[in-house]
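Worksheet: one structure, shown below.
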Amino acid sequence: MSADEGSETEETLAERKMRFLFALRSRGVTDKSVLSAMEKIDRGEFVRGHFAGRAYEDMPLPIACGQTISQPSVVGLMTQALEVGPRDIVLEIGTGSGYQAAVLSQLARRVYTVDRHRRLVREAEEVFARLGLHNITARTGDGSLGPLPPARADLPVVPPRREAVAPFADQAPFDRIIVTAAAEDPPPTLLDQLRIGGIMVLPVGQSDAVQQLVRVRRLDEGFAYEELRPVRFVPLTEGIAPE
């Protein structure tokens, strides 16, 4: 490759990244800290194979295990809606490619992320390590589970199956929770893990229809719900996926 060709390739990549950021702004991602985080985290690190060349387009793309990496504007809008602060501890349900967790890692003190697909967790951990994102902890588990119920004296103690234990239940309550799969209603088991004053953002609705992105705030007297925009996500599924 000649020097001119190399320069042209670098310029083209820079231009694509500029269009990427412009697209985020034009679709409502205006928070400067979120835009800065998404500028630092290269989406191209999380898109593989035939779709790698489309990493900077504002569209969802297929990844392994029949899942998708969300379109960047939706990642930005969900992150913006979370209102993450530098001291916040965040729980993410649905690691997927790891892109959303990587963006959150630039804003939060700590990110815990869980996915039911072991392969996705392994591959995301590899990218986190390569990028030096040391404030993310990923785990395979059933993200639909909440904290374990308290023991009852009138019932025998039965050790739970390892995979039935709520992922990161020992870290609850969380300042922020983000769910990247659609539930018909905000799962009570996850609401229980949200700190008073905390925020949860998730898609709500039937998996075969357009869902609503919902922001939930936990108040002293209960929960406040706010619909943000229509979205479409894969369904939140219970259990651990087979290898």
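For reference, positions follow the sequence shown, starting with 1.
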Seminar exercise, completed: Taking every heavy atom of E92 against every heavy atom of T113, the minimum-distance pair comes out as OE1-OG1, 2.6 Å
For this session: Test side chain to side chain donor-acceptor pair (under 3.5 Å) on T137 and R110 and set out the steps.
Result: CA-CA 8 Å; T137 301; R110 190 86 198 167; 2.5 Å; yes
Exercise. Just by distance, do the side chain of E45 and the backbone of R43 share a donor-acceptor pair under 3.5 Å?
Worked result: no
Problem set entry | Same apolar cluster: M18 and V34, side chain cutoff 4.5 Å | no
Problem set entry | R122 side, atom CZ; D115 side, atom CG - distance, nearest 0.5 Å | 11.5 Å
Exercise. For the hydrophobic clusters of this structure (ILVMFWY residues joined by side-chain heavy atoms under 4.5 Å, transitively), does one cluster hold both F51 and I41?
Worked result: yes
Problem set entry | Q106 and S36: side chain donor to acceptor below 3.5 Å | no
Exercise. Any side-chain heavy atom of V210 within less than 4.5 Å of one from V231?
Worked result: no
Problem set entry | Atom of Q80, atom of G28 and distance for their closest heavy-atom approach | NE2-O, 3.1 Å
Exercise. Between P186 and L202, what is the shortest heavy-atom contact and its length?
Worked result: CA-CD1, 3.9 Å
Problem set entry | Check ion pair E39-K32 (N to O, under 4.0 angstrom) | no
Problem set entry | From CD1 (I93) to CZ (F168), nearest 0.5 Å | 8.5 Å
For this session: With rounding to the nearest 0.5 Å, note down the distance linking CD in E126 to CG in L131.
Result: 12.0 Å
Exercise. Do D42 and Y56 have side-chain atoms, one donor and one acceptor, less than 3.5 Å apart?
Worked result: yes
Seminar exercise, completed: L236 and A183 have their tightest heavy-atom pair at CD2-CB, 4.1 Å
Problem set entry | Cluster overlap I69 with V121, hydrophobic side-chain contacts below 4.5 Å | no
Exercise. If you measure only the distance, is there a donor-acceptor pair under 3.5 Å linking the side chains of R116 and T237?
Worked result: no
For this session: Would you indicate whether the side-chain heavy atoms of R218 and V216 approach each other to under 4.5 Å?
Result: no
Exercise. For the residue pair F46 and S97, what are the closest heavy atoms and their distance?
Worked result: CD2-O, 3.2 Å
Exercise. Would you find a donor on one side and an acceptor on the other, under 3.5 Å apart, between the side chain of T140 and the backbone of I240?
Worked result: no
Problem set entry | Closest contact, heavy atoms only, D88 versus E83 | OD2-O, 3.9 Å
Exercise. F20, M59: one ILVMFWY side-chain cluster at the under-4.5 Å cut-off?
Worked result: yes
Exercise. Is there a donor-acceptor pair closer than 3.5 Å between any side-chain N or O of R109 and the backbone N or O of P86?
Worked result: no
Problem set entry | Rounded distance (nearest 0.5 Å) linking atom CG of L191 with atom CE of M200 | 4.0 Å
Problem set entry | L82 CG to I178 CD1 distance, which is reported to the nearest 0.5 Å | 4.5 Å
Problem set entry | Working for salt bridge (charged side-chain N to carboxylate O under 4.0 Å, His left out), residues E123 and R119 | CA-CA 6 Å; E123 293 181 353; R119 175 181 172 182; 2.9 Å; yes
